[in-house]
Structures are given as structure tokens and as C-alpha cells.
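What you see is a predicted model, and the numbers here were worked out from it, not measured in a lab. Below, read A as the first sequence line, B as the second, and so on, with proteins coming before strands; counting in each chain starts at 1.
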2 protein chains.
Amino acid sequence: MQQAPASFIAPQGGIDRNDPRPLHRQVYDALLASIRDGKLPLRGKLPSERELVDLYNVSRITVRHAVRELIQQGVIHSQPGKGLYVAERGGGFELQVLKSFTSIAIANRRSPGHKLIEARIVHAPLEVSRPLFLAPGAEVVLLSRLRLLDNIPAVVQTDWIPVARVPGLLDLDWAVANRSLYAELRERYRIHPKRGQTTLSARLATDEEAAMLELPPPAAVLTVDQIAFDDRNRPVNLTALVHHPARYPLTLLQSESGDFTQY
Amino acid sequence: MQQAPASFIAPQGGIDRNDPRPLHRQVYDALLASIRDGKLPLRGKLPSERELVDLYNVSRITVRHAVRELIQQGVIHSQPGKGLYVAERGGGFELQVLKSFTSIAIANRRSPGHKLIEARIVHAPLEVSRPLFLAPGAEVVLLSRLRLLDNIPAVVQTDWIPVARVPGLLDLDWAVANRSLYAELRERYRIHPKRGQTTLSARLATDEEAAMLELPPPAAVLTVDQIAFDDRNRPVNLTALVHHPARYPLTLLQSESGDFTQY
DNA sequence: TGACATGACTGGTCATAACCAGTCCTATTG
DNA sequence: CAATAGGACTGGTTATGACCAGTCATGTCA
């Protein structure tokens, strides 16, 4: 008989019937926290689904919902007939899907920060107005920052947000090194991005980018362009990222959602 | 009252109780096919979940399972209180998660192909043996190919596969332009990759790569390194891809799985 | 001693049933 | 005529209960 896993995962740990979050989300968060905190070792075995049902006093459908999310995120994997196991993580940065620079940094025990490059209202060029469904030349907030990991330049980030959605955004002092744009969107403007479309490519760094990222030219950079939409399917912003390839590679964990055909 | 969607999605369309695939997978495939074939227009509205229940004669849990997958793949999106909508797709290549070069090409109506660069058995260098959990110097099959889209060079792909798992793989003539490594793994060796770990970065192309991809040096390339594991969690292969940035950018569709925090 | 059957597990699938909060049209009311 | 209150929908969440195929340790039989 395997030892009661209650010592690893607090019984009722974080499951609160009055919590506004859905139960499956709470289970997801509780399990993820246990794994991230190292209470469950890498390659370790999780309690079985039916044990989790008893631990958290929720139905199996709820447990399975949480488990499915964790599998799809690549955090755990399942072996039918055997159990659930914590996935070993790769060497570099631990990302699942593309996530917040800030949250990634914290998850990797690096301290995030930024230096302001530019913050003003501009008329959107066509390559910005089109994906945001705006009229050409419409006013957008331009926010350009050099993002730092432990004070080391890692990414050049430029955001464009329609002015209409974020009145007064530039009243804030964006030179403050730890201000988070997305926290501002959430808390001040109640804008919650729900889905996004991301394009990855590579190109040679411009002289300015190379200088900021401390790359000797000619240098290759990884580019990530993302359009985000809110829960009503309205475009929220356009983000362009220019990554230092060595200081900030990206890692994806994939799993058996649908077909896992490969290259 | 909205018109019966039965004209768009064949009633019982593809749902077969004797099909070995799970019901939710069949529903997923049927809906995906309807969308891909254009029976359901972009930004169009899908039948409601309860209508799908009647259409396919399955329970709502099954329909929701399929719907959840499609949402997570970014194919559709949901608006509570309103309905399910086909997601508009972006300009470039339509990828969801990283998928088969061959299947991506076909989905984008481009014809895939390859030119053989190298196919032989080598002793694995450390950077290959480590991720594959092999002893340093263990024998691996090296397969290096220049992949083509409509006969235009797009990606340099190099695979390493432990010899022990694929005896006789090199007996085949890999110079044949349309042979698929993963079809071979599936059909001949019954190896089914289930999950993978992918690292994306950028670097300057080597002279050979630049020449093959028809890029004038100095040129930046997008690199994708992937380790795949099978359903028993054994490493299957290591793939290194070198992408022509303009001919083969990558697109990801993300959705509200877990937290959609951003950069 | 070795091969085999058993049974207690595991995750995977599917059904039925209910309630909630949000959307949207419609009919009633002021 | 405008504001409001229903009611009929939507997807989102959760419960209970059941069966399947695979894994694995154990005990039995040859």
C-alpha cells in the first residue's frame, strides 16, 4: 500500500467552496502548486484520480478536468493502468505555453524588470491597425520596453493598444521598473485576454536592438508577435517581442491533444 | 428559430459506434472536418452544444470534450450565453501546436517534399545522447533532409533516432522525396509519439544552411529542437529544424487553458 | 520452480441529471 | 413610446454512477 499522499498535498488544500474560482481550477492550482513547490518530486507519482477525489472532496469529473489541463500543459503525463507522473522539465526556461514575462521570470527564480524605451500615443501604421481591426492611422498607445532578467537585457518588447480601450494609460509613470502592463489592463481596465494568436520567426537584429541586447552584429534574434483578444473577441493589443536567443529561448511542452503528428 | 444545422453537419456524420476511436474524438474530427471543408464559414456560428447532442446522439459530456479540444486548439472559441464560433485564422501558416511538416503543408495546400542530405548511423554526441537518455557514443540513426514546399527549400531537418528502436530503418531509400519518417515509425515500428518538448530559438545560419535555404549571408534562421516521447514515456527521437524565416514562420493559436497571462 | 490465473488497482470513456450566469428577444407595464 | 420583467436560450460547472482495457502483485497449479 502506498503511503497516504496527504502529507504531500494538503487535504482540502486550497479547496474552498466559497472561492469564486471553479472547483476544477482550484484543484488544478493546488496540484500545480504542489509540483512547483517540489512537494511532488519530478518524475514522481501523483495520487490516483480516485484518491484525489477523496482528498479534495470533489467529483472525479472535476479531478479529471484539472488533470486534463495539467496534461495538456505538459506539467504531468498519464500512463493508463499505472498512474499520473510529474513530467521532467527541460534544461532552459520552463514555459508551457507562452506566458507572462514576469511570471516566467519568477517561476525560474529570476527577477524581472524593464527599462522604458518609449511611451506615447501614435497613429497606427497599417501593420498594426490591420490585426487590431482599426482604421488605418487610428490612435494607439505605443509602449516599448527593454525587459531585464536579473538586470540583464533579455527581450525588447513593444506593445500597441487602441487608445479607446485604455484612456489615461500613459498618465502612469512607465519608467517604474516593475510596472506590469497586463496587471494594469486587468485591474484598472478590467480587460482579460482570453485567446491569442502568436507568430514566431527570426531575423537579423537592427543596430539598436543589437546594442540594447548586447549582441555583437550581425546577430540573429527570435521574434514573437502576438495579438490578444478578450472574452468578447475584441482585439486587446499587439505585442512584438525581440528575444536574445541565448538569454531567452522558448520552451513548449506538448502533449497528446488531438493528433501529435510531428515534423 | 435558427435553421437546422443538419444541412451543414451531416446528422450522424462520421459517428460510428463500432469505430475504435472514442466518441469525443469522432465528434472532434467531424466538427474539424466541417470547419476545414468550409461547411462552417469562418466567424460562423456552430450549432449549440445541446443541438450537437441531438445531431450525433451522444451525451453532452462527449460533445463538451470535443468542443474543449477544439477551443484549446484555437479552432473555435466560445462566448457564454451566446454560442460557439469558428475562429478566424491568421495570415500565414495555419498551425495549432507544432505539427507534421507534411500535414501542415497539405493543410495549406502546398505540396511537401524533401531532398536527402545525409542518412547513416553515427555515434551520438553528448548533446544528442543526453536528451535521449542514451550512453554517450551510443549508436543512433542520423537522418538529415532539406524539406521543400512546392519544391522550394523551406526547412533543414535533422533527426536522431536510437538504432535499437528502429532496426533496418536505413534499408529504405530515403532519397525518395515523399517518404515520411513518422509514418514509418508509426506503421513499421508501431511507435506513437505522445508528448514532446520543444525549444525555439534563433541563430545565424551556417554557410551550408544559408546555401540550402537560398538565404544570402549573414542570415538569421529560426531553430526548433524537439524531443518526442512515446506512450510509455521512452524517448523516440530528437529533431532539429532550421527554418527559413520568411518561407516558414510558425503560428500558434492559444486559448484560455489555465491562465492566459501574457508578456 | 516456473507458468498461469486472479483480483485489485490504474486512467479512459460515456451516460444522465441538475443548476448557474450570461445573452437576447419579447411581451407587459408605466 | 420607453423601460422593465419574463422566458427561452447559451456555454460553464458539478455530481453520481458505470464499464473498459491496461498494469501489476500475488497466489495457485502443473
Problem - Rounded interatomic separation in angstrom, taking CG from Leu46(B) and P from dC9(D) - result: 19 Å

Problem - From dG11(D), dT10(C), dT14(D), nucleotide with atom closest to Arg17(A) side chain - result: dT14(D)

Practice task
Check the distance between dT10(C)'s P and His77(A)'s NE2 and give it to me in whole angstrom.
Solution key: 17 Å

Problem - Pair Thr62(B), Tyr28(B): side-chain N/O donor-acceptor within cut-off below 3.5 Å - result: no

Handout entry: Closest listed nucleotide, where the reference is the side chain of Glu51(B) and the choices are dT16(D), dG11(D), dT10(D)
Key = dT10(D)

Practice task
Assess the side chains of Tyr189(A) and Asp230(A): does a donor N or O sit below 3.5 Å from an acceptor N or O?
Solution key: no

Exercise for the section: For dT13(C), take OP1 and OP2 only and decide whether either is under 4.0 Å from a side-chain N or O of His24(B). Expected result: yes

Exercise for the section: Pick base, sugar-phosphate or nothing for Val67(A), based on heavy-atom distances below 4.0 Å to the nucleic acid. Expected result: nothing

Completion exercise
When rounded to whole Å, the OH to P distance for the pair Tyr85(A) and dT10(C) reads 11 Å

Practice task
Nearest whole angstrom, please: distance from the P of dC14(C) to the CG of Asp16(B).
Solution key: 13 Å

Fill in the blank from the handout: dist His24(B):NE2 -> Arg68(B):CZ (nearest 0.5 Å) comes out at 9.5 Å

Exercise for the section: Using atom CD1 of Ile71(A) as one end and atom C1' of dT13(C) as the other, report the distance to the nearest whole Å. Expected result: 14 Å

Exercise for the section: Return no unless some side-chain N or O of Lys82(B) is found under 4.0 Å from OP1 or OP2 of dG22(C). Expected result: no

Practice task
Taking only the side-chain heavy atoms of Pro22(B) (C-beta and beyond), determine which of dG11(D), dT14(D), dT13(C) contains the nearest atom.
Solution key: dT13(C)

Problem - Gap between atoms CG and P, on Leu31(A) and dG11(C) respectively (whole Å) - result: 12 Å

Practice task
Inspect the contact between Asp29(B) and Arg25(B) and indicate whether a charged nitrogen and a carboxylate oxygen are less than 4.0 angstrom apart.
Solution key: yes

Problem - Among dG12(C), dG11(D), dA15(C), the nucleotide that comes nearest once only the side chain of Arg64(A) is considered - result: dG12(C)

Practice task
Name the residue closer to the 5' end of DNA chain D, choosing between Gly83(B) and His65(A) according to the nucleotide with the nearest heavy atom.
Solution key: Gly83(B)

Problem - Nearest-neighbour nucleotide for the Ser78(A) side chain, dA15(C), dG11(D), dG12(C) considered - result: dG12(C)

Practice task
Confirm from the modelled atom types if Arg68(A) and dG12(C) form a donor-acceptor pair under 3.5 Å, side chain to base only.
Solution key: no

Exercise for the section: Please name the residue in the list Ile71(A), Leu70(A), Leu46(A), Val67(A) that meets the side chain to side chain contact (heavy atoms under 4.5 Å, CB included) test with Ser78(A). Expected result: Ile71(A)

Problem - Arg50(B) side chain, from C-beta outward: closest of dT10(D), dG11(C), dC14(C) - result: dT10(D)

Handout entry: Closest to the Ser48(B) side chain, choosing from dT16(C), dT16(D), dG11(D)
Key = dG11(D)

Practice task
Look at all strands and tell whether Ile61(B) reaches a base, only sugar-phosphate, or nothing, counting heavy atoms closer than 4.0 Å.
Solution key: base

Practice task
Consider only side-chain N and O atoms of Asp225(B) and Thr199(B), and report whether a donor and an acceptor are under 3.5 Å apart.
Solution key: no

Handout entry: Comparing Gln79(B) and Leu23(A) on DNA chain D - which has the more 5′ nearest nucleotide
Key = Gln79(B)

Handout entry: Interatomic distance where CG belongs to Leu52(A) and P belongs to dT10(C) [whole Å]
Key = 10 Å

Problem - Protein-nucleotide distance (Leu70(A), atom CG; dG11(C), atom P), rounded to Å - result: 13 Å

Exercise for the section: Counting heavy atoms from C-beta on, name the nucleotide in dA15(C), dA18(D), dA15(D) closest to the side chain of Thr62(A). Expected result: dA15(D)

